[in-house]
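Notes follow the structure.
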Amino acid sequence: MADFDEIPDLVPVSSENIPTSTQEEEGHRKIPVTIVTGFLGSGKTTLLNYILTEKHEKKIAVILNEFGESSDIEKSLSINQEGTLYEEWLELRNGCLCCSVKDVGVKAIESLMEKRGKFDYILLETSGLADPGPIASMFWLDDGLGSEIYLDGIVTLVDAKHIGQYMTEKKEDTMINEALKQIAIADRIVLNKEDLLTEQEMNDLEKEIKTVNSVAEILRTERSRIPLDFVLDIRAYDIHAVDTVAEQANKIEHHGSGHAHKLSHDVQTVCIQFSTQLDTLEHFEAWIQTLLWEKTIPTVNKQLVAAEDPVIVLRLKGIIQPPKDRQDDKKKRMVIQGVQDLYDIQEGYAENMLDSASKMVLIGKNLDKHKLLASFASCVHLPVDCITIT
Ligand SMILES: Nc1nc2c(ncn2[C@@H]2O[C@H](COP(=O)(O)OP(=O)(O)OP(=O)(O)O)[C@@H](O)[C@H]2O)c(=O)[nH]1
């Protein structure tokens with residue numbers, strides 16, 4: 001698996017240099033992609049085979065992570081078209097989609113669609129040991145760069161029996177192990193193999209998973225039997241789904257980080273809410289950039305910061321009330337999305353949001369709530385008492 005830094009052309013983006021992301025541009029239909037990830041043996045293949053053999057109306061392409069026997073630069077791609085299964089090969093230069101330069105992977109899928117006709121949906125399995133962050137970034141950014149496909153969401157499968165052990169595994173070369181990364185970045189989580197645990201054990205596990213990621217929807221399954229819509233049309237990166245992001249932020253108040261970790265890891269979800277409108281986006285963006293790129297909780301006077309464990313943000317999403325100079329419609333909101341070092345702020349519209357407070361969810365490590373509160377208030381110039389961190 002390539003490290004984030006090894007993937008060429010991936011530069012941190014801001015609102016200035018990423019074009020608008022929409023599924024419909026000039027009447028052109030883009031194809032949603034769900035990334036299906038999960039630690040070894042969690043049931044990804046079982047899930048995708050189940051989807052491939054079920055009859056449904058959509059033409060779904062499933063890209064499995066198995067290498068072809070004839071060549072290790074080909075990747076198996078199965079297409080279920082109204083219940084009939086077709087097999088294709090996807091040619092990649094170095095065999096692994098996660099490690100391919102972004103254009104190669106995306107272009108291979110596009111040229112296959114030219115040959116086979118457009119799919120309605122693509123499900124992409126990543127390797128069991130993969131960090132889904134870089135591959136998510138690849139699809140997310142390519143959407144902005146005019147590609148035929150866009151990232152709809154990330155589904156993480158969890159082997160309920162073994163995940164506790166995987167989550168606490170310490171690795172020398174990484175601060176957060178892959179099992180935790182996969183849970184942290186998920187928009188939806190499938191707690192699979194529920195037959196192997198008691199009801200009480202499943203309840204405890206679910207609570208533990210929610211301390212890591214308090215916003216992802218969770219579904220318990222046996223043999224990965226999910227309703228299809230759990231993995232389709234997630235709209236996790238859709239700027240028009242403003243109300244969905246707001247709902248997710250609200251969830252944290254109910255079952256968020258209040259539950260103490262039983263397992264020893266420090267990945268958690270933190271929600272920052274503030275009711276006062278920002279004067280400008282500039283200080284807000286500068287704060288985000290320091291957090292994401294310098295991996296430190298910003299202070300107004302940086303000289304005062306002692307060396308500390310780096311802050312790691314794996315996933316970031318939020319709805320921000322636009323600053324005064326940009327609020328020309330009361331439904332307008334700024335939508336912020338981030339995956340690891342990348343983030344993006346765009347304008348969106350809230351149809352159903354009654355609450356005008358700004359909400360931002362951060363999932364990561366070393367996110368000290370007290371420090372974040374003081375830092376955010378001073379750097380963004382907001383009174384401390386209008387900010388809540390849960
Ligand atoms: N008991 C039980 N076994 C399951 C369940 N789901 C899958 N399995 C078994 O678990 C094993 C791994 O399932 P796979 O679907 O191959 O998992 P995977 O995530 O694709 O695994 P990798 O390819 O190693 O990443 C297989 O032997 C499955 O039959 C379940 O709900 N309960």
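Order of appearance sets the numbers: ligands from 1, and atoms from 1 within every ligand.
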Closer than 4.0 angstrom: is that true for some heavy atom of S42 and an atom of ligand 1? yes

Backbone or side-chain N or O of E222 under 3.5 Å from ligand 1 N or O: no

So is R188 actually on top of F230's ring, under 6.0 Å and inside 45° of the axis? yes

Salt bridge (Lys or Arg N to Asp or Glu O under 4.0 Å) against E347, all qualifying residues, sequence neighbours excluded: R326, K332

CA sep, side-chain torsions, deciding dist, call: R315, D187, salt bridge (charged side-chain N to carboxylate O under 4.0 Å, His left out): CA-CA 10 Å; R315 186 78 169 96; D187 302 299; 3.4 Å; yes

Mind telling me whether F274 and F284 have parallel, tilted or perpendicular rings, with 30° and 60° as the class edges? tilted

Ligand 1 to G41 polar contact by distance, N or O atoms, under 3.5 Å: yes

Go through ligand 1 atom by atom and flag the ones less than 4.0 Å from a non-hydrogen atom of D195. 1 (N), 2 (C), 30 (C), 31 (O), 32 (N)

Quick one: does T46 get an N or O within less than 3.5 Å of an N or O on ligand 1? yes

So the atoms of ligand 1 within less than 4.0 Å of a heavy atom of L196 turn out to be 1 (N)

Can you classify the ring geometry of W293 versus Y343 as parallel (below 30°), tilted (30 to 60°) or perpendicular (above 60°)? tilted

